[in-house]
Asker: 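My questions all concern the structure below.
All ligand and atom numbering here is 1-based and tracks the order in the structure. Just so it is clear, the model here is predicted, and its values are computed rather than measured.
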Amino acid sequence: MQRIGKIQEFISEKELDAALIMGKENLFYFTGSSPVLGGYLLITPDDAVFIVPELEYEEAKESSSIPVEKFKTFEELFERFRLYQSLGLEGKTSFGFVNNLKEKAGIREFESIDDVIKELRIIKTSDEIELIGEACKIADAAMMAALEEIREGKREREIAAKMEYVMKVHGADKTAFDTIIASGWRSALPHGVASDKRIERGELVVIDEGALYRHYNSDITRTIVVGHPNAKQKEIYEIVLEAQKKGVETARPGMTAKELDTVVRDVIKEYGYGERFIHSTGHGVGLEIHEWPRVSQQDKTVLKPGMIITIEPGIYIPKFGGVRIEDTVVITKNGAKRLTRTERELI
Ligand SMILES: [Mn+2]
């Protein structure tokens, strides 16, 4: 109820009649329940109720920490909202739904509650850190399987399938995102989802994967060379590794996400590959695979203990290939600790 309390403080402050939460991850965060068909968490200054479709009612009652009500039709649901004139909403609420709130429920005023939710979710509780840590262990196991499985002639997709199998055997619900296995020229594509391509000798292979475990995500990337690396492959690998290590060693409470991005980016710049590092250093990880903060030049969020972020520099050279090395880390009292533990040296 402490989480709900923060929303209540916010709506009182803004003099809103209520707030309505319907995003999947937020519903789980605030109620502990995750109905397949979704639901509507209605929060008023002194109350909260989780309204779900009738067929989700029994299950939601079991899992929700907030009292549950059911609705049969959307007419009934919008009728329920007629009590209010002003409403706090998540920024990603659909335009169609907002229109219905205006037309069918007569709500006139809307305000985003994204900032207050962000402030809560950006700091993970010890329970959340443990779950993400578990998701990271599963990602490590899948990475191990990939390293064992990869050889000349295998298709990227075969390796990805094996990894997903290993994740599930280790208790994951599913992959956190479509596993990226990008070999050869495809390794220069930061989002090269595993394809039918066969892996060939001498190619760089970027493996970027994560597991979803009890609603929480993990994220790790390793790059390998099948066979012997050439001088250029070795060179860019060592630069990315130096930048990644520097990031993990430097990350600490009190610095901003932007400053961390600069520290990592500067290593790559010094070697003359600044233009080839075409994305941000990292991102928050939690109920969503990409959440706050963004470890980029645009995000001045001050890092605090309990934040979980990735540190994932890369160098991408079109047609030649790319290298990315990524760990999920938790910000601690005086530094950062890697939650993904797979070896980082070139294999
Ligand atoms: Mn990532």
Asker: N/O/S atom of His283 under 2.8 Å from the Mn ion (ligand 1), yes or no?
Answerer: yes
Asker: What N/O/S atom of Glu326 is the closest to the Mn ion (ligand 1)?
Answerer: OE2
Asker: With a 4.0 Å cut-off, would you call Asp327 and Arg338 a salt bridge?
Answerer: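 A salt bridge links Asp327 with Arg338.
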Asker: Do you see an N/O/S atom of Asp219, backbone or side chain, under 2.8 Å from the Mn ion (ligand 1)?
Answerer: yes
Asker: What is the name of the N/O/S atom of Glu312 that is nearest to the Mn ion (ligand 1)?
Answerer: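 Of the nitrogen, oxygen and sulfur atoms in Glu312, the Mn ion (ligand 1) lies nearest to OE2.
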Asker: Asp208 and side chain to side chain contact (heavy atoms under 4.5 Å, CB included): which single residue from Val193, Thr179, Asp219, Ile220 fits?
Answerer: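 One option only clears the test, and that one is Asp219.
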Asker: Could you tell me whether Arg80 sits above the aromatic face of Phe71, with NZ or CZ closer than 6.0 angstrom to the six-membered ring centre and within 45 degrees of the axis?
Answerer: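 No, cation not above the ring by the 6.0 Å, 45° rule.
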Asker: Going by side chain to side chain contact (heavy atoms under 4.5 Å, CB included), Ile268 matches just one of Ile239, Thr281, Ile236. Which one?
Answerer: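 Only one option passes, and that is Ile239.
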